[in-house]
Amino acid sequence: MPITRRDFLTNVSKAAAGYPAMLALGMLKSSPAHAFKLEGNGNGKHIIILGAGLAGMASAYELTKLGYKCTILEARSRAGGRCWSVRRGTVSKENDLPGQTAAFDAGMYFNAGPSRIPHHHELTLHYCKELEVPVQVYNNINEATYYFAEGKGPLSNKKIRVREIHNDVRGYMAELLEKAIDNHAVDMNLTKEDGEKVIEYLRAEGGLDIDKLYRASDRRGYIEHPGAGEKEGKIADPHNLAEIIQSGLMEPDFYNVSEYVHELQMTMLQAVGGMDNIAKALEKKIPGMIQFGAEVTSVNNTENGVTIKYKNNTGNHELKGDLCICTIPLPVLSNIEHNFSSDVSRAIDYIPYISTSKIGLQFKRRFWEEDEQIYGGITHTNNELTQIFYPSNDYLGKKGVLIGYYNFNEKSNRVSGLNYLQRQQLALQKGRLIHPQYDSTFETSFSISWNKTPYNLGGWALYNAENRRTLYRALLPPEKNVYFTGEHMTYLNAWMAGAFESARKTVTDIHARVTEQRIAYPSSS
Ligand SMILES: Cc1cc2nc3c(=O)[nH]c(=O)nc-3n(C[C@H](O)[C@H](O)[C@H](O)COP(=O)(O)OP(=O)(O)OC[C@H]3O[C@@H](n4cnc5c(N)ncnc54)[C@H](O)[C@@H]3O)c2cc1C
C-alpha cells in the first residue's frame with residue numbers, strides 16, 4: 001500500500017522514537033533571532049500573565065521595559081515551569097504518587113526539562129547573554145557511547161560502541177552505492193568523469209579500500225590500542241551488514257540523526273550549573289511581579305478586560321486586568337473554566353502533548369569516564385530507557401548524575417505508570433546491562449514523568465500537518481483580551497526558544513494594540 005507523506009508523519013509522531021524521527025523530518029524547527037525594538041509606552045496598562053515559565057516571565061520582562069504593569073499568577077511555589085533542574089532538596093509531586101525529595105549530594109544536579117541549546121537558537125542565547133547566564137558546551141554527539149539493542153539478532157543484548165556501527169553502516173552504504181554507480185544502476189545523468197569523482201568521494205566518506213570494498217579501519221576504534229615500540233594496534237573486523245540489520249541497529253531508535261539534524265548539530269550549549277539558571281536570572285529581573293502558589297481556576301473575558309479567578313493557601317481570589325497573557329499548557333488549561341469561543345475551546349481540548357519521562361541517577365564514581373572514556377553524549381537503546389545521557393559538566397569529577405532514561409510516548413507511559421522506586425529499579429535493571437558498574441556505584445535517584453506532573457500534564461505540544469492547519473490556527477489571534485503564549489504557540493515545540501519567540505510575538509501584538517501602531521513580530525521586512 002502506498003503511504004502518503006501525511007500518513008507517514010502522523011505515524012512517525014506516534015512511533016516510540018517519534019522525537020528523533022520528527023527531528024529527522026524537520027518537523028521541529030530551528031530559531032533565528034528577529035529584530036525586536038519597540039517604541040512607545042504602555043502607560044501602566046495592567047497585564048495579567050498566567051504562568052511564570054520562560055514565556056510568562058519573558059513577557060513580563062519585556063512589557064515592563066515598555067511601561068506596562070504586570071502581575072504573574074503562578075500555581076507552583078517556584079518559577080521556571082519546564083525549565084527546571086533537580087538538585088538536593090528539590091521536591092515534586094505527580095498525580096497519584098506521593099511527593100518526592102531529591103537526595104543528591106550538594107552540587108549534583110540534572111536537567112529534568114531542557115538540557116541543550118542549539119548554537120543557532122539565537123534568541124535563547126541572546127537572553128543568556130542579556131541575563132548574564134554563563135553557558136558551556138554540551139556534548140551531544142559522542143562516538144564513544146553505545147548502541148544497545150535488546151532482541152534476538154546476533155548483535156543484540158551487547159553494548160556496541162556507536163563508532164563501530166556508524167562507520168560500518170557508512171562504509172557498507174558507500175560500497176553499495178559505489179557498486180551501483182559502477183554498474184550504471186544509478187540514473188543521475190552523471191558523466192563518466194563525474195561518476196569517478198563520486199566514487200572517489202565515496203571511498204573517502206565510507207573508508208573503502210583500494211578495491212572499493214568496505215573493510216574495517218581505525219575509524220571504528222581499536223581492540224588493542226597502538227602504543228610504543230612494536231605495539232602497532234589492532235582493529236577488529238567490521239560487523240556484518242545483515243547482522244546489523246537483523247539486530248535492529250538500523251531502526252529508528254538508532255538513526256544517526258544527531259549528527260545531521262539541524263537542531264542537534266554541534267555546537268550545542270547548556271547553562272553552567274543547571275538550565276534553570278536561565279529561569280532564575282529572568283525571575284530576578286521582574287522582582288515582586290510573581291504571586292506564587294496562585295492556581296488559576298477561571299479565565300473570563302469581560303467587556304473591558306479580563307477577570308481571573310485563582311486560589312492560594314488563603315482562599316479564593318479574583319483579579320481584574322486590561323489584558324491577559326495565558327501561558328498555561330493546554331492540557332492544564334483544558335480543565336480550567338473559561339468563556340472562550342467553541343473553536344478556541346476545541347483547540348485547547350484537542351491539541352495533544354507528548355508523554356516524556358526522565359530519571360536522574362547519582363553514582364559515587366564517574367565510571368563512564370574512568371572505565372569507558374565516555375565524556376558526555378548519549379547511549380541509545382531500544383528498551384524502555386531509550387537514551388542514557390552522560391553529563392557534560394564536571395568532567396573527571398568524583399561523583400556524577402546520569403540521566404538514566406529519557407523516553408517518549410509509549411515507553412514514557414510505561415515508566416510513568418510505575419512508582420518512584422519501581423522506576424529506579426527499572427532504570428538500574430536495564431542500565432546495568434550496559435554498565436554493570438551501576439551495582440556497586442549507584443547512590444540515589446529522582447524521576448519525573450511530565451505527563452503526570454500537575455501544571456504541565458505533558459512534555460510539549462505535538463502537531464501534525466492537520467492540527468497545525470486547524471486547531472493551532474484557532475489559538476493564533478487573541479481571544480478578545482486573552483493572548484495564548486508559550487512554546488505551544490510556535491513551530492519551536494520542545495525548545496525554550498519557542499517560549500521566548502512566543503513571548504516576543506505576544507508583547508509586540510499587545511503593544512501594537514495598546515499604542516495603535518502597525519507593528520508585527522517577526523516583522524515582514
Ligand atoms: C523533557 C523536556 C526536555 C526539553 N528539552 C529541551 C532542550 O533540550 N532545549 C530546549 O531549548 N528546550 C527543551 N524543552 C522545552 C522547554 O522546556 C519549553 O519549551 C519551555 O520551557 C516552555 O516554556 P513555557 O513558558 O511555554 O511553558 P512552561 O514552562 O510550562 O510554563 C507554564 C507555567 O504555567 C504554570 N501554570 C500551569 N497551570 C497553572 C495554573 N492553573 N495557574 C497558574 N499557573 C499555572 C506552570 O506552573 C508553569 O510555570 C524541553 C522540555 C521538556 C519537558
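All values below come from the heavy atoms of this structure, side chains included, with hydrogens, waters and symmetry mates left out. Remember, it's 1-based here, ligands and their atoms both numbered in the order they're listed.
- Inclusion of V332 in the set of residues having an N or O under 3.5 Å from an N or O of ligand 1 is not warranted.
- Shown in contact with G81 at under 4.0 Å from a heavy atom are these atoms of ligand 1, numbered in order with element: 29 (O), 48 (C), 49 (O).
- Nearest to atom 35 (C) of ligand 1 by heavy atom, out of E74, M57, M489, is E74.
- Residue contact check: E487 has heavy atoms under 4.0 Å from atoms 19 (O), 22 (C), 26 (O) of ligand 1.
- Nearest-heavy-atom check against atom 18 (C) of ligand 1 across W460, W84, W495 picks out W495.
- The shortest separation from a heavy atom of G80 to ligand 1 is under 4.0 Å, placing the residue in contact.
- Ligand 1 lies out of reach of G498, whose nearest heavy atom is not under 4.0 Å from it.
- Ion pairing between a basic and an acidic side chain is recognised when a charged N comes within 4.0 Å of a carboxylate O; R346 and D343 show such pairing.
- If you look at V296 next to ligand 1, the close heavy atoms, those under 4.0 Å, come from the backbone and the side chain alike.
- Under 3.5 Å, the side chains of S92 and Q100 contain a donor-acceptor pair of N or O atoms.
- Some N or O of A55 is nearer than 3.5 Å to an N or O of ligand 1, by distance alone.
- For A294, every heavy-atom contact with ligand 1 shorter than 4.0 Å involves the backbone, none the side chain.
- No close placement of the Y406 and F110 rings is indicated, their centers lying 6.0 Å or farther apart.
- With a 4.0 Å heavy-atom cut-off, ligand 1 is reached by the backbone of L73 but not by any atom from C-beta on.
- Between Y491 and Y472, the distance from one ring center to the other falls under 6.0 angstrom.
- Among the atoms of N456, some N or O lies under 3.5 angstrom from an N or O of ligand 1.
- Here L492 contributes atom CG and E263 contributes atom CD; the two are 8.5 Å apart, rounded to the nearest 0.5 Å.
- When the heavy atoms of G458, P114, A503, A499 are ranked by distance to atom 6 (C) of ligand 1, first place goes to P114.
- Distances between N or O atoms of A112 and those of ligand 1 include no value under 3.5 Å.
- In W450, the part holding a heavy atom less than 4.0 Å from any atom of ligand 1 is the side chain.
- Residue Y455 has no N or O atom closer than 3.5 Å to an N or O atom of ligand 1.
- For Y310, the closest heavy-atom approach to ligand 1 does not fall below 4.0 Å.
- Looking only at atom types and distance, the side chain of N111 has a donor-acceptor partner in the side chain of S85 under 3.5 Å away.
- Geometrically, K411 does not engage F408 in a cation-pi contact, judged by NZ or CZ lying under 6.0 Å from the ring centre and within 45° of the ring axis.
- Less than 4.0 angstrom separates some heavy atom of G459 from each of these atoms of ligand 1: 53 (C).
- A salt bridge links K65 with E62; the closest basic N to acidic carboxylate O contact falls under 4.0 Å.
- Judged by a 6.0 Å distance limit and a 45° cone about the ring axis, R468 is positioned over the six-membered ring of Y463.
- Near Y406, with a cut-off below 4.0 Å to any heavy atom, the atoms of ligand 1 are 1 (C), 2 (C), 3 (C).
- Counting heavy atoms under 4.0 Å from ligand 1, residue I336 touches it through the side chain alone.
- Judged by distance alone, the side chains of E150 and N382 never bring a donor and an acceptor atom under 3.5 Å apart.
- When the heavy atoms of S77, G53, A494 are ranked by distance to atom 14 (N) of ligand 1, first place goes to A494.
- For I328, the closest heavy-atom approach to ligand 1 falls below 4.0 Å.
- For atom 30 (O) of ligand 1, the choice among H488, R82, R116 with the nearest heavy atom turns out to be R82.
- Side-chain contact check for Y455 and E295: at least one donor-acceptor pair (N or O, by modelled atom type) lies under 3.5 Å.
- A centroid separation of 6.0 Å or more is found between the aromatic rings of F36 and H126.
- Applying the ring pair (Phe, Tyr, Trp, His ring centres under 6.0 Å) test to residues at least two apart or on different chains, the pairs with a partner in residues 299-332 are Y310-H317.
- In terms of N/O distances under 3.5 Å, ligand 1 is not approached by G56.
- Using a 4.0 Å cut-off between a side-chain N of Lys or Arg and a carboxylate O of Asp or Glu, R469 and E466 qualify as a salt bridge.
- Per-residue contacts place E295 under 4.0 angstrom from the following atoms of ligand 1 (heavy atoms of the residue considered): 41 (N), 42 (N).
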